[in-house]
Amino acid sequence: KGKRAFIAGVADDNGYGWAIAKSLAAAGAEILVGTWVPALNIFETSLRRGKFDESRVLPDGSLMEITKVYPLDAVFDKLDDVPEDIKSNKRYAGSKNWTVKEVAESVRQDFGSIDILVHSLANGPEVSKPLLETSRNGYLAALSASRGSSLSLTYIASERIIPGYGGGMSSAKAALESDTRVLAFEAGRKNKIRVNTISAGPLRSRAAKAIGFIDTMIEYSIANAPLQKELSADEVGNTAAFLASPLASAITGAVLYVDNGLNAMGVGV
Ligand code: NAD
């Protein structure tokens, strides 16, 4: 029987989440996605109107099917945690059951269980501010959106200085990588669940464009990485499919670089 995957953080066809969904679908998985509430409407409309059809094509020529799109806001666990201004916000008021616990319960009711959980989302409200100037709220928001799952996406700014990746996002990724190890132990012992994170190279996603320096990072990587090519989202998607498969049955607690090898360089060339 095919596996069922839930990918949190898909709202268009440009990011890593979409590419991961495609690779998992190509490998035979059933796809459920969690889409940020304010982005839900446009994503569902675009899907329905066929705007993503070209990007839905799988290697065998068929189109990726998304069985269900769940509204999700990953920074709230339950309705009680949601502040009034968000509850009454027009874009949120139109959907329901989008806190983490409610989505988990909806998925359980709809499908019983899932086999693969992917966290492919980030939100650093102050990402364009240096850490030195980041407010407590901005910092905590970045941390809060970054909590891990069985597979997540991280960035090398967690361990090396990447000027411009601000707002506490570097700290959020450091916490995510540490949590990946500890959760691998706890979930491995308790439920035999594997927990890993992919440290991805730069991709021109919507989130990355908002940071403001993505083109520079892509050029830097092409100039300096061992493999001189632009990273495609599919390369990360395929790694995710591998990590989620039995081929990776002994891999857990790992930070796996998918970055054309840039992490291995000591100096630029
Ligand atoms: P993306 O814009 O495709 O994905 C980010 C998603 O997060 C968006 O769909 C957005 O709607 C969603 N989101 C934001 N806040 C949310 C919330 N509170 N609840 C639910 N969803 C929320 O961008 P991406 O670059 O593909 O990002 C995916 C992951 O990859 C992130 O963890 C990011 O940090 C990581 N990453 C990206 C790069 C890069 O260069 N693009 C490099 C390394 C790691």
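It should be emphasised that the depicted structure is a prediction, and the values quoted were computed from it without experimental measurement. Both ligands and their constituent atoms are indexed starting at 1 by order of listing.
Between W36 and F43, the distance separating the two ring centers is not shorter than 6.0 angstrom.
Within ligand 1, the atoms closer than 4.0 Å to a non-hydrogen atom of A74 are 17 (C), 18 (N), 19 (N), 20 (C), numbered from 1 in the order shown. Near S120, meaning under 4.0 Å from any of its heavy atoms, are these atoms of ligand 1: 4 (O), 5 (C), 6 (C), 28 (C), 29 (C). Counting atoms of ligand 1 from 1 in the listed order, those under 4.0 Å from a heavy atom of G201 are 40 (O), 42 (C). Close contacts between ligand 1 and A208 involve ligand atoms 41 (N) [criterion: under 4.0 Å to a heavy atom]. Less than 4.0 angstrom separates some heavy atom of G9 from each of these atoms of ligand 1: 4 (O), 6 (C), 9 (O). The distance from ligand 1 to the heavy atoms of A200 drops below 4.0 Å at these ligand atoms: 42 (C), 43 (C). Within ligand 1, counting atoms from 1 as listed, the ones closer than 4.0 Å to a heavy atom of A207 are 1 (P), 2 (O), 23 (O). For ligand 1 and L153, the ligand atoms under 4.0 Å from any heavy atom of the residue are 29 (C), 30 (O), 32 (O), 35 (C).
Ring pair F111/Y70 is perpendicular by interplanar angle, where above 60° counts as perpendicular and below 30° as parallel. Under the 30°/60° scheme for interplanar angles, the aromatic rings of Y92 and W98 are found to stand perpendicular.
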query = After noting the C-alpha distance and the side-chain angles of S135 and E126, does the key distance pass the side-chain hydrogen bond (donor to acceptor under 3.5 Å, both in side chains) rule?
reply = CA-CA 8 Å; S135 72; E126 299 181 20; 2.5 Å; yes

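Taking a 4.0 Å cut-off on heavy atoms, V75 registers as neighbouring ligand 1.
A side-chain contact (heavy atoms from CB on, under 4.5 Å) with V195 holds for exactly one of I251, T180, L151; it is T180. Partner of L176 under the side-chain contact (heavy atoms from CB on, under 4.5 Å) criterion, chosen from S149, S171, S152: S152.
The protein heavy atom nearest to atom 12 (C) of ligand 1 is L121 CB, 3.9 Å. Nearest protein neighbour of atom 25 (O) of ligand 1, counting heavy atoms only, is S205 OG, 2.6 Å. Nearest protein heavy-atom neighbour of atom 21 (N) of ligand 1: W36 CB, 3.5 Å.
In terms of N/O distances under 3.5 Å, ligand 1 is not approached by G17. Considering backbone and side-chain N/O atoms, Y155 never comes within less than 3.5 Å of an N/O atom of ligand 1. For K173, a nitrogen or oxygen atom sits less than 3.5 Å from a nitrogen or oxygen atom of ligand 1, counting backbone and side chain alike.
Considering only residues two or more places apart in sequence or on other chains, A141 meets the side-chain contact (heavy atoms from CB on, under 4.5 Å) condition with P125.
Heavy atoms of I214 found under 4.0 angstrom from ligand 1 belong exclusively to the side chain. In R204, neither the side chain nor the backbone holds a heavy atom less than 4.0 Å from any atom of ligand 1. In D73, the parts holding a heavy atom less than 4.0 Å from any atom of ligand 1 are both the side chain and the backbone.
L32 is not connected to M64 by any chain of hydrophobic side-chain contacts under 4.5 Å among Ile, Leu, Val, Met, Phe, Trp and Tyr, and they are in different clusters. One hydrophobic cluster, built from ILVMFWY side chains closer than 4.5 Å, holds both I211 and I162.
Between L183 atom CG and N196 atom CG the span is 11.5 Å, to the nearest 0.5 Å. Expressed to the nearest 0.5 Å, how far CD of E30 lies from CG of D115 amounts to 9.5 Å.
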